[in-house]
Amino acid sequence: MNIFEIYLKKINIILIDLNKKGLIELPKNKNSFNVEIPPVKFDSDISTNVAMVLSKINQKSPIEIAEIIETKIKDDSSVERIEIVKPGFINIKLKSSFWNEFLKNIISNKEKFGVNENEVKKKYLLEFVSANPTGPLHVGHCRGAILGDVISNILKFNKHTVTKEYYVNDYGNQIISFTKSVYFRIREILNNEKFPINKPDLYPGDYIIEIAKNIINENKNIEFKNFDEVSSKLSSLAIKQSLLLIKSNLKNLGIVHDNFQSETDLVNNNEVEKVIEKLKKKNFIYSGKIKAPMDEEKGNWVEREQLLFKSTEFGDDKDRPLQKSDKSWTYFASDVAYHNNKLSRNFDTMINILGADHAGYIKRITSSVEALSGEKNKLICKVSQLVKLIKDGKPFKMSKRKGDYITIEDLLKEVGKDATRFIMLNRSSDVELDFDFTKIKEKSKDNPLYYVQYCYARISSVFNHIGKKINDDINIKSYNFNFSAEETKILQKISQWPKCIELSINKLEPHRVPTYLYELSSIFHSYWNMGKDDETKRFISKDKNISDEKLVFLKAISNVIKTGMNLVGVNTPEKM
RNA sequence: GCGCCCUUAGCUCAGUUGGAUAGAGCAACGGUUUUCUAAACCGUGGGUCGGAGGUUCGAAUCCUUCAGGGCGCGCCA
């Protein structure tokens with residue numbers, strides 16, 4: 001139940017009616033009409049800008065237009081009072097009967113309140129994480145992982161179908177290095193040969209030792225005598241091991257993918273050749289040369305003829321190579337094949353969540369999807385910016401070369417799943433995020449997670465006092481309450497929940513959910529504390545009773561908090 | 001050099017897809033606990049929304065331009 005949508009429709013009907021009577025002119029495009037919450041000082045519930053938008057086309061002042069519209073809005077049975085304000089806003093105060101109906105609706109909808117029933121249901125493919133299968137996930141992967149997971153949760157909440165997919169880059173040079181590293185660790189364990197720690201292309205991390213041990217234990221029959229002989233077998237064993245690690249990291253974060261798509265499989269099934277043929281037929285591929293990047297030292301650059309994709313036709317700054325000099329495919333080539341594969345599975349919309357360091361890649365991959373499908377917004381890429389780790393007030397740097405980076409496992413051990421998810425999601429993904437270890441662990445009030453959870457725990461404690469559980473259904477005989485100013489504030493805030501969901505989806509900005517939950521919690525905490533000064537405002541009276549009205553408010557707030565926290569994927573403890 | 005992202009209070013950030021006198025938290029200062037959880041609440045101070053132009057009834061939001069910070073720029077993925 002989105003009250004803003006309801007009133008926008010009502011106003012549109014009124015405008016059409018006034019137009020028929022020749023009282024006002026209407027523009028063709030009504031997109032700039034809106035209905036929203038007015039600032040608190042006006043003591044109104046909803047507000048519309050239509051009079052100002054209509055001013056020009058009608059050659060009348062916004063106030064004059066507003067007065068014409070006002071006469072019609074007055075007829076609506078839910079309207080208590082209308083106020084026309086300065087530039088031309090029409091502010092509407094709704095009758096308490098409307099809000100009573102609203103509350104009744106929320107209580108009966110339970111966790112379904114906020115679902116946009118009118119939205120067309122779509123089939124989404126969401127690709128996220130897709131980190132190289134050469135080791136455990138580290139903090140750098142964490143933000144994108146959570147972002148993707150919560151976007152998926154919200155889409156599903158709105159009854160869309162979502163397939164969560166992980167693209168496994170198990171083809172290419174990094175896999176050869178990784179396999180070699182495992183091989184040397186195996187030799188170290190079995191033959192006591194020292195691991196060549198200074199070789200630059202090897203992975204020094206300790207987790208390689210664990211992988212080596214597991215492979216030795218599970219494959220007693222394999223002899224690790226010659227790298228070239230075992231490399232192909234060993235490679236797949238090692239990848240399998242690191243995927244197990246990655247899956248367990250993700251599971252501990254609360255994330256489970258539906259599908260793992262292997263890059264090697266695509267290559268082996270000749271899907272790259274097929275997609276290149278397809279693009280050749282459409283004339284998007286040619287053999288040519290590209291310019292050196294500006295910061296490349298001149299000596300290192302060898303210009304050569306190579307197979308290129310015409311991404312410049314879609315606005316990219318240069319055409320992109322598909323084949324390396326040894327004739328193997330570039331990462332981009334197999335990724336085009338992967339996206340062709342995605343397209344063949346007929347999703348309405350495909351979303352990729354990328355890290356900031358891959359932002360430069362977006363143009364070419366969306367270009368390829370446009371070339372293949374002919375549709376411009378078939379693939380949407382969302383970038384999550386860097387996470388800056390801060391410990392004891394100082395930035396904490398990780399070094400891949402030393403292998404000393406902080407893994408997701410470390411993170412979860414230190415601050416836990418809930419804090420990690422909530423804090424990582426709490427900021428817009430467009431801005432860098434400070435992740436302050438010490439603050440998050442402090443359980444202080446700087447920590448928005450506790451603030452929201454505390455709200456739920458307080459409500460739960462009231463339910464305990466009256467011998468109920470917070471999840472129990474409540475039976476209200478009749479909804480006929482008069483609301484205080486504080487309660488109206490709560491009602492207004494709750495009425496914005498569907499809008500929050502809608503914006504989170506439309507803009508792929510799920511950080512709006514924790515932000516909203518924080519604001520709602522803040523209003524609740526004020527409401528709670530009113531009982532400190534004024535005993536009549538306490539939830540539970542002296543004779544251990546609770547009024548239906550207060551019960552309804554507690555239930556409504558806790559419903560929204562619970563729903564929201566579920567979307568974020570964190571717990572709502574009943575006691576803290 | 002080019003592309004993408006960012007710049008809002010001392011610090012970290014929101015800002016309802018262009019609206020009304022720009023909002024939170026932290027930090028600072030002052031107050032609230034015989035009372036449903038003080039992990040909370042209330043109050044005070046703090047702003048040229050990076051700068052300059054433009055678009056219009058109206059700009060933190062859109063466009064142009066400049067400055068500063070971040071990320072990236074063939075055979076890494």
Side-chain angles (χ1 to χ4, degrees), chain A residues 4 32 34 36-39 41-42 47 49 52-53 55-56 61-62 85-89 91 130-132 134 169 171-175 263 289-296 301-304 306 308 316-318 320-321 323-326 328 330-332 334-335 355-363 383 385-386 388 426-428 430-434 436 439 442-448 450-451 453-455 457-458 460-462 464-466 496 499-500 502-503 506-507 509 511-512 515-516 518-519 522 525-533 535 538-542 544 546 575-576:
Chain A
F4 305 99
S32 48
N34 68 34
E36 57 194 358
I37 294 253
K41 58 177 176 173
F42 288 110
S47 159
N49 67 347
M52 289 178 292
V53 177
S55 168
K56 197 169 191 182
S61 79
V85 189
K86 266 191 293 179
F89 288 100
N91 290 347
S130 298
N132 283 342
T134 54
N169 303 128
Y171 172 87
N173 291 328
Q174 87 284 359
I175 291 298
E263 182 180 2
K289 292 173 180 173
I290 52 167
K291 281 185 196 161
M294 282 307 283
D295 75 336
E296 185 74 35
W301 178 261
V302 182
E303 199 173 69
R304 69 180 184 89
Q306 55 190 353
L308 299 171
D316 201 1
D317 9 310
K318 51 178 122 178
R320 302 294 173 174
Q323 226 168 7
K324 302 179 192 173
S325 56
D326 66 358
S328 67
T330 59
Y331 172 79
F332 176 57
S334 49
D335 207 18
D357 52 342
H358 289 67
Y361 186 76
I362 293 175
K363 200 75 211 182
V383 171
Q385 291 298 324
L386 291 182
K388 284 189 284 184
N426 198 30
R427 299 291 181 219
S428 158
D430 286 337
V431 301
E432 289 188 10
L433 176 91
D434 285 352
D436 192 325
K439 270 193 184 170
E442 265 173 15
K443 298 198 175 185
S444 71
K445 51 188 165 180
D446 323 359
N447 190 333
Y450 291 107
Y451 190 81
Q453 286 181 329
Y454 189 43
C455 169
R458 275 182 152 176
S460 175
S461 89
V462 174
N464 284 338
H465 274 90
I466 56 168
Q496 290 173 65
K499 187 110 187 170
C500 173
E502 186 189 320
L503 283 167
N506 290 349
K507 300 177 116 178
E509 289 179 350
H511 74 279
R512 286 166 188 277
T515 303
Y516 173 90
Y518 186 88
E519 289 163 0
S522 168
H525 286 308
S526 295
Y527 189 43
W528 174 284
N529 275 280
M530 285 170 74
K532 297 264 176 206
D533 299 330
E535 211 164 298
R538 293 164 62 83
F539 296 106
I540 299 167
S541 61
K542 275 182 187 164
K544 302 275 174 201
I546 185 167
K575 267 187 187 169
M576 285 175 75

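By convention in this document, chain letters (A, B, ...) are assigned in the order of the sequence lines, proteins followed by strands, and residues within each chain are numbered from 1.
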Is the closest side-chain heavy-atom distance between [X] and [Y] below 4.5 Å?
{"X": "Asn426(A)", "Y": "Thr515(A)", "result": "yes"}
{"X": "Asn49(A)", "Y": "Glu36(A)", "result": "no"}
{"X": "Asn169(A)", "Y": "Glu263(A)", "result": "yes"}

For nucleotides 31-35 of chain B, print each protein N/O atom paired with a nucleotide N/O atom at under 3.5 Å, atom names and distance only.
residue, atom, partner, partner atom, Å
U35(B), O2', Arg538(A), NH1, 2.9
U35(B), O2', Arg538(A), NH2, 2.2
U35(B), N3, Lys532(A), O, 3.2
U35(B), O4, Lys532(A), O, 3.3

Taking any heavy-atom pair under 4.0 Å as a contact, classify [X]: base, sugar-phosphate, or nothing.
{"X": "Ser526(A)", "result": "sugar-phosphate"}
{"X": "Ser325(A)", "result": "base"}
{"X": "Ala457(A)", "result": "base"}
{"X": "Lys499(A)", "result": "sugar-phosphate"}
{"X": "Ile362(A)", "result": "nothing"}
{"X": "Lys318(A)", "result": "sugar-phosphate"}

(message) Can you give me the dot-bracket string for RNA chain B, 5' to 3', counting Watson-Crick and G-U wobble pairs with both distances under 3.5 Å, using [ ] for crossing pairs and | for partners on another strand?
(response) (((((((..((((.....[...)))).(((((.......))))).....(((((..]....))))))))))))....
Rounded to the nearest 0.5 Å, what's the gap from [atom1] on [X] to [atom2] on [Y]? Could you check?
{"X": "Leu386(A)", "Y": "Asp434(A)", "atom1": "CG", "atom2": "CG", "answer": "11.0 Å"}
{"X": "Lys439(A)", "Y": "Asn447(A)", "atom1": "NZ", "atom2": "CG", "answer": "10.5 Å"}
{"X": "Gln306(A)", "Y": "Lys289(A)", "atom1": "CD", "atom2": "NZ", "answer": "10.5 Å"}
{"X": "Glu432(A)", "Y": "Arg427(A)", "atom1": "CD", "atom2": "CZ", "answer": "13.5 Å"}
{"X": "Leu308(A)", "Y": "Lys318(A)", "atom1": "CG", "atom2": "NZ", "answer": "11.0 Å"}
{"X": "Lys575(A)", "Y": "Asn464(A)", "atom1": "NZ", "atom2": "CG", "answer": "6.0 Å"}

Using the [atom1] atom as the point on both nucleotides, what is the distance between [M] and [N], in whole Å?
{"N": "U61(B)", "M": "U56(B)", "atom1": "C1'", "value": "14 Å"}
{"N": "A60(B)", "M": "G18(B)", "atom1": "C1'", "value": "11 Å"}
{"N": "A22(B)", "M": "U64(B)", "atom1": "C1'", "value": "25 Å"}
{"N": "C6(B)", "M": "G10(B)", "atom1": "P", "value": "22 Å"}
{"N": "G30(B)", "M": "G23(B)", "atom1": "P", "value": "26 Å"}
{"N": "A9(B)", "M": "C71(B)", "atom1": "P", "value": "23 Å"}
{"N": "U16(B)", "M": "U55(B)", "atom1": "C1'", "value": "23 Å"}
{"N": "G70(B)", "M": "G31(B)", "atom1": "P", "value": "44 Å"}

Among [options], find the nucleotide with the atom closest to the side chain of [X].
{"X": "Tyr450(A)", "options": "C6(B), A39(B), C36(B)", "value": "A39(B)"}
{"X": "Arg458(A)", "options": "C36(B), A77(B), A40(B)", "value": "A40(B)"}
{"X": "Ile540(A)", "options": "U56(B), C36(B), A14(B)", "value": "C36(B)"}
{"X": "Asp357(A)", "options": "G25(B), C71(B), A14(B)", "value": "C71(B)"}
{"X": "Asn173(A)", "options": "G15(B), C2(B), C75(B)", "value": "C75(B)"}
{"X": "Lys324(A)", "options": "A14(B), C75(B), C71(B)", "value": "C75(B)"}
{"X": "Tyr454(A)", "options": "A77(B), A40(B), U56(B)", "value": "A40(B)"}
{"X": "Asn169(A)", "options": "C75(B), A77(B), C42(B)", "value": "A77(B)"}
{"X": "Asp317(A)", "options": "G3(B), C42(B), C36(B)", "value": "G3(B)"}

(message) Hydrogens and angles aside, do Asp335(A) and Tyr361(A) bring a side-chain donor and acceptor to less than 3.5 Å of each other?
(response) yes
(request) Would you kindly say whether Thr134(A) and Gln174(A) are connected by a side-chain donor-acceptor distance under 3.5 Å? (result) no
Do any side-chain nitrogens or oxygens of [X] fall under 4.0 Å of OP1 or OP2 in [N]?
{"X": "His511(A)", "N": "G15(B)", "result": "yes"}
{"X": "His465(A)", "N": "U37(B)", "result": "yes"}
{"X": "Tyr451(A)", "N": "C41(B)", "result": "yes"}

Considering all heavy atoms, the nearest [X]-[Y] contact:
{"X": "Gly531(A)", "Y": "Arg538(A)", "value": "O-CG, 3.4 Å"}
{"X": "Tyr451(A)", "Y": "Ser522(A)", "value": "OH-CA, 3.1 Å"}
{"X": "Val53(A)", "Y": "Ser32(A)", "value": "CG1-OG, 3.5 Å"}

(message) If you assign Arg427(A) and Gln323(A) each to the RNA chain B nucleotide with the nearest heavy atom, which residue ends up on the more 5' nucleotide?
(response) Arg427(A)
(message) Let me spell it out: for each of Arg320(A) and Leu503(A), pick the nucleotide of RNA chain B with the closest heavy atom. Which residue's pick is nearer the 5' end?
(response) Leu503(A)
Listed pairs, N/O of protein and of nucleotides 19-22 of chain B, under 3.5 Å:
residue, atom, partner, partner atom, Å
G19(B), N7, Asn49(A), ND2, 3.4
A20(B), O2', Lys41(A), NZ, 3.4
A20(B), N6, Ser47(A), OG, 2.5
A20(B), N6, Asn91(A), OD1, 3.4
A20(B), N1, Asn91(A), OD1, 3.2
A20(B), N1, Asn91(A), ND2, 3.2
U21(B), OP1, Lys86(A), NZ, 3.2

(message) With the 90 degree cut-off around zero defining syn, does U8(B) come out syn or anti?
(response) anti
(request) Check whether the side chain of His358(A) and the base of A77(B) form a donor-acceptor pair under 3.5 Å. (result) yes
